[in-house]
*Asks:* 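Here it is, the structure, as structure tokens.
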Amino acid sequence: MSKQEEEMSFWDHLEALRWTLFRCIIALIIFSIAGFVCMKYLFDEIILAPCHSDFIFYRFLCKVTSAIPFLPDFCDETYHVHVFNIKLAAQFFTHMTTSFYLAVLLTFPYLMYEVWKFISPALYDYEKKDVRWVFFFGTIMFFTGCAVGYFFVFPMTLRFLATYYLSESITEGVSLDSYMNNFLMLIFLMGIVFELPLVSWLLSKIGILTRSFFNKYRRYALVGLLTAAAFITPSSDPFTLACVFFPLYGLYELSALFVKKAPETEENETRELVKT
């Protein structure tokens, strides 16, 4: 325990926590106001961008699929998703909530830094080194997951569901509430999913998880990940399914690398189970 931690009383900790929360709230308020001011531009150029055929990921898929005949066609220039509003105050509340979620996303590194500042006095020097690396890696993985959600998972899900129809007599469109709920859910969900290697490493550090677990349940994980990929992008073509499955499976294998090996006896037992 550090000297600073020994000298701090309960009320000192409470005061430190109060100021940590105060700085986090101020940061969220500032970025929420900035997001509120810029929201019209953000909606047109970023949030609603996957609704149009010229979205950057669609253009990339068009180049890839046009070169390989058996892949699905993504070069439809007429593709467009109509987003409409049916509730009187929905646009205003969407403006407010999206500004807040955007503030949470943009201030995530700073919020993690404030958490680090609060807990670091209670750690030994070698623990500080490990935790500092954890916060840095966790932040990188969270933003990577959010980027995958925005540029790939959400556009693929939107494109399939928005073009699926039961009858030509039904006018296709997406309500604003439904669009934003799926948009925010999938992006933040992918950010959390990409924290799997970090969570696995933490569980390994406290002795709950070992590498033998990943070896033992790899076959079950393949089935589960395929099911998850089919759920995230419910498209019928194998190309879309593979594009979602392989990043998820890569996270599984990366998590296995981050965990420490099991004791030799447990490792031998796991190998025998895998063989059988």
Side-chain angles (χ1 to χ4, degrees), residues 1-39 41-43 46-47 92-150 153-154 180-181 183-209 251 254-255 258-260:
M1 187 177 295
S2 67
K3 183 178 180 181
Q4 181 181 355
E5 175 69 12
E6 293 175 353
E7 294 175 350
M8 291 180 69
S9 66
F10 170 79
W11 297 109
D12 292 330
H13 285 296
L14 197 60
E15 182 69 10
L17 177 61
R18 186 173 73 88
W19 280 104
T20 298
L21 293 175
F22 176 76
R23 289 191 294 269
C24 290
I25 292 172
I26 291 298
L28 287 173
I29 291 175
I30 292 174
F31 276 84
S32 295
I33 293 174
F36 188 89
V37 173
C38 304
M39 191 52 61
Y41 170 81
L42 294 174
F43 246 86
I46 298 177
I47 296 176
F92 173 74
F93 285 113
T94 300
H95 195 155
M96 298 285 291
T97 55
T98 307
S99 301
F100 174 74
Y101 285 121
L102 179 65
V104 173
L105 182 65
L106 294 179
T107 59
F108 185 77
Y110 177 73
L111 298 179
M112 291 298 98
Y113 171 73
E114 286 293 342
V115 173
W116 160 251
K117 277 181 61 179
F118 179 72
I119 68 172
S120 60
L123 302 176
Y124 293 101
D125 290 337
Y126 72 92
E127 291 176 326
K128 289 182 180 181
K129 182 179 179 181
D130 288 340
V131 176
R132 188 182 299 116
W133 177 85
V134 166
F135 278 119
F136 175 76
F137 180 76
T139 302
I140 296 297
M141 292 301 291
F142 177 78
F143 279 116
T144 302
C146 290
V148 171
Y150 173 74
V153 176
F154 176 73
M180 290 307 302
N181 288 339
F183 179 83
L184 294 172
M185 179 191 70
L186 287 175
I187 289 178
F188 279 96
L189 179 63
M190 291 306 297
I192 294 171
V193 167
F194 268 66
E195 298 287 358
L196 178 62
L198 178 60
V199 173
S200 301
W201 179 81
L202 290 173
L203 292 177
S204 173
K205 289 289 286 184
I206 60 179
I208 296 179
L209 197 62
L251 285 175
L254 183 62
S255 300
F258 275 44
V259 222
K260 61 184 178 181

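The residues of the chain are indexed from 1 along the displayed sequence.
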*Asks:* Find the distance between OH (Tyr113) and OG1 (Thr139) and round it off to the nearest 0.5 Å.
*Replies:* 13.0 Å
*Asks:* If every non-hydrogen atom of Leu102 is compared with every non-hydrogen atom of Gly35, which pair is closest and at what distance?
*Replies:* CD2-CA, 4.2 Å
*Asks:* Identify the two heavy atoms, one from Leu196 and one from Ser255, that lie closest to each other, and give their separation to 0.1 Å.
*Replies:*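 Scanning both residues completely, I find the closest heavy atoms to be CG-OG, 3.4 Å.
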*Asks:* Start with the C-alpha distance between Met39 and Thr94, add both sets of side-chain angles, then the distance that settles side-chain contact (heavy atoms from CB on, under 4.5 Å), and finish with yes or no.
*Replies:* CA-CA 10 Å; Met39 191 52 61; Thr94 300; over 6 Å; no
*Asks:* Just to verify, what does Phe142 make a side chain to side chain contact (heavy atoms under 4.5 Å, CB included) with, not counting sequence neighbours?
*Replies:* Leu105, Phe108, Cys146, Phe188, Glu195
*Asks:* Could you tabulate the donor-acceptor pairs under 3.5 Å formed by side-chain atoms of residues 19-33, not counting sequence neighbours?
*Replies:*
unit_1: Trp19; atom_1: NE1; unit_2: Glu15; atom_2: OE2; d: 2.7
unit_1: Thr20; atom_1: OG1; unit_2: Ala16; atom_2: O; d: 2.9
unit_1: Arg23; atom_1: NE; unit_2: Glu114; atom_2: OE1; d: 3.2
unit_1: Arg23; atom_1: NE; unit_2: Glu114; atom_2: OE2; d: 3.0
unit_1: Arg23; atom_1: NH2; unit_2: Glu114; atom_2: OE1; d: 3.1
unit_1: Ser32; atom_1: OG; unit_2: Leu28; atom_2: O; d: 2.6

*Asks:* Which atom names give the shortest non-hydrogen contact between Met190 and Gly145, and what distance separates them?
*Replies:*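 Looks like CB-O, 3.1 Å.
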*Asks:* Could you pull out the closest heavy-atom pair between Gly138 and Leu198, with the gap in Å?
*Replies:*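 Where Gly138 meets Leu198 most closely, the heavy atoms are CA-CD2, 3.6 Å.
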*Asks:* What are the two closest non-hydrogen atoms of Ser200 and Val259, and how far apart are they?
*Replies:* O-CG1, 3.9 Å
*Asks:* For Met96, does the CE atom sit with more than 12 other heavy atoms under 6.0 Å from it, leaving out its own atoms?
*Replies:*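 Open.
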*Asks:* I want to check something: taking the side chain as every heavy atom from C-beta on, are Phe36 and Phe100 in contact at a cut-off of under 4.5 Å?
*Replies:*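 Contact flag for Phe36/Phe100 side chains = no.
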*Asks:* Quick check on side chain to side chain contact (heavy atoms under 4.5 Å, CB included): which of Val148, Leu189, Ile140 does Phe194 satisfy it with?
*Replies:* Val148
*Asks:* Can you confirm whether Phe143 is buried at CZ, in the sense that more than 12 heavy atoms of other residues, nucleotides or ligands lie under 6.0 Å from that atom?
*Replies:*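 Enclosed: over 12 neighbouring heavy atoms sit under 6.0 Å from CZ of Phe143.
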*Asks:* Once rounded to the nearest 0.5 Å, what's the spacing between atom CG of Leu186 and atom OH of Tyr150?
*Replies:* 13.5 Å
*Asks:* Should the heavy atoms of other residues, nucleotides or ligands under 6.0 Å from CZ of Phe118 be counted, would the total exceed 12?
*Replies:* yes
*Asks:* Are side-chain heavy atoms of Thr98 and Phe43 found at a separation under 4.5 Å?
*Replies:*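 With C-beta onward as the side chain, the pair touches.
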